[in-house]
Amino acid sequence: RAVLIVLVAVATVHAQPSPDHRERVSQALQKIAQLEQQLEYEQALVLADRTIAEGISTRDQLADLHLIAGRLAAGLDHPDIAQQHFAKLLALRPETVLVAGTSPKLQAPFDAAKAAPHQLAIAMTGGRLVATRDDLHLVQGTRTRESAIEAFDEHGNQLAVEPIALATPVAAGEVHRSRAWIPWGVASGATLLAGGLAGWRYRVAQDEWNLESDGMHDYTRLHALEDRGRHWAIAADVGFGIAAATAVTAVILVVTGSSSERVGVALTGSSAGLVAHF
């Protein structure tokens, strides 16, 4: 008797940082730094928030974005927002300190973030990447790519990455063919359609954000657009994740001929799990 478990992580639209994505984030960081030097703090903060929301940053890039966003928010007299960014920075890069002589305007929210719980510890346990401590609730799920597994935040940015050994295929025994895959295939198509609709609504919100992120619009309005887009992105992620899990279920049922009672999908807050017994 063997148990095959396939996890389909529900990631954001940009699921994995690629070389092109890393280059885009690097260019954005350079542009943000340039705007900061020109004292265009509000435009720089908008660009930093937008880059974080894209969900394509590596852990180091994400730490850099939170550092500069914290400085910018403090400079714009938003100490609460600055503290939030600094807390996430310290979770990702706990050894960070501000340079000597830093303005109290920046140092105060940084010290407040450092004094509050902000620890993040992620480790491989039983072949799974698990957050053993996550004071800020940053980890929203995991995903696999090639021979590594990553933990990611609410946007899809990388929080941790660990190498994993490739799974050894499990030999299947004699099975009886069935047509139990049909409802799973239908469910996959329906959830894929729903996910596509939500993804389209996310793109509409993103386009509106792009049109208004010219430094001429109110930051509160941009933040509201970002929240709306994030909600549609989450809906799209759930739809695509369930569609993928049900599609895998249908394929296994076709290949193995297992009955629907022996194959199922388990859902969590951030992933869809496929469990098959054969």
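All values below come from the heavy atoms of this structure, side chains included, with hydrogens, waters and symmetry mates left out. Since the model is a prediction, treat every value here as computed from it, not as a measurement.
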- request: Quick one: closest heavy-atom pair of F110 and L90, and the distance?
  value: CZ-CD2, 3.9 Å
- request: Quick one: closest heavy-atom pair of P104 and P109, and the distance?
  value: O-CD, 4.3 Å
message: Less than 4.5 Å apart, side chain to side chain, heavy atoms only: is that true for L159 and L92?
response: yes
- request: Check the angle between the aromatic planes of H66 and H85 and answer parallel, tilted or perpendicular using the 30° and 60° thresholds.
  value: tilted
- prompt: Given side chains that start at C-beta, do those of R93 and E95 come closer than 4.5 Å, heavy atoms only?
  reply: yes
- prompt: Between atom OH of Y41 and atom CD1 of I68, what is the distance when rounded to the nearest 0.5 Å?
  reply: 10.5 Å
query: What distance do E36 atom CD and Q43 atom CD have between them, rounded to the nearest 0.5 Å?
result: 13.5 Å
- prompt: For T142 and R128, what are the C-alpha separation, side-chain angles and deciding distance, and is it a side chain to side chain contact (heavy atoms under 4.5 Å, CB included)?
  reply: CA-CA 9 Å; T142 61; R128 298 171 53 236; over 6 Å; no
- prompt: Hey, does the side chain of R71 reach the backbone of L106 with a donor-acceptor pair shorter than 3.5 angstrom?
  reply: no
- prompt: CG/L35 to CG/L45 distance, rounded to the nearest 0.5 angstrom?
  reply: 11.0 Å
field: Test log, rule side chain to side chain contact (heavy atoms under 4.5 Å, CB included), inputs T58 and V161
entry: CA-CA 9 Å; T58 65; V161 58; over 6 Å; no
query: Side-chain contact, heavy-atom cut-off 4.5 Å: M124 with I149?
result: yes
- prompt: Would you find a donor on one side and an acceptor on the other, under 3.5 Å apart, between the side chain of T51 and the backbone of L47?
  reply: yes
query: Between Q140 and H155, is there a donor-acceptor pair closer than 3.5 Å when you use the side chain of the first and the backbone of the second?
result: no
field: Option passing side-chain contact (heavy atoms from CB on, under 4.5 Å) with V25 (candidates D20, I56, D64, I52)
entry: I56
- request: Is it possible for you to say whether I32 and L76 belong to one hydrophobic cluster, with membership spreading through side-chain heavy-atom contacts below 4.5 Å?
  value: yes
- prompt: Which heavy atom in P117 sits nearest to a heavy atom in L136, and how many Å separate them?
  reply: O-CD2, 3.7 Å
query: Taking the side chain from N157 and the backbone from S57, do they hold a donor-acceptor pair closer than 3.5 Å?
result: yes
task: List the steps and the verdict of side chain to side chain contact (heavy atoms under 4.5 Å, CB included) for L65 and L29.
output: CA-CA 7 Å; L65 284 165; L29 282 165; 3.5 Å; yes
- prompt: Can you name the nearest heavy-atom pair linking E150 to L129, along with the distance?
  reply: C-CD2, 3.7 Å
- request: Verify side chain to side chain contact (heavy atoms under 4.5 Å, CB included) between Q158 and F152, making sure each step is shown before the conclusion.
  value: CA-CA 5 Å; Q158 181 191 90; F152 58 85; over 6 Å; no
query: Heavy atoms, side chains only, cut-off 4.5 Å: are S26 and Q61 in contact?
result: yes
query: Quick one: do L120 and L62 end up in the same hydrophobic cluster if we chain Ile, Leu, Val, Met, Phe, Trp and Tyr together by side-chain heavy atoms under 4.5 Å apart?
result: yes
message: Taking A121's backbone N and O only, do any of them form a donor-acceptor pair with T132's side chain (distance below 3.5 Å, no angle check)?
response: yes
task: Check for a donor-acceptor pair, side chain of Q27 on one end and backbone N or O of R24 on the other, with a separation under 3.5 Å.
output: no
message: Between R133 and D135, does any side-chain N to carboxylate O distance fall below 4.0 Å?
response: yes
- prompt: Below 4.0 angstrom, N of the basic side chain to O of the carboxylate: do K105 and D77 qualify?
  reply: yes
query: Shortest non-hydrogen contact from A113 to F86?
result: CB-CB, 3.8 Å
- request: May I ask you to decide if V139's main-chain N or O and D134's side chain share a donor-acceptor pair within less than 3.5 Å?
  value: yes
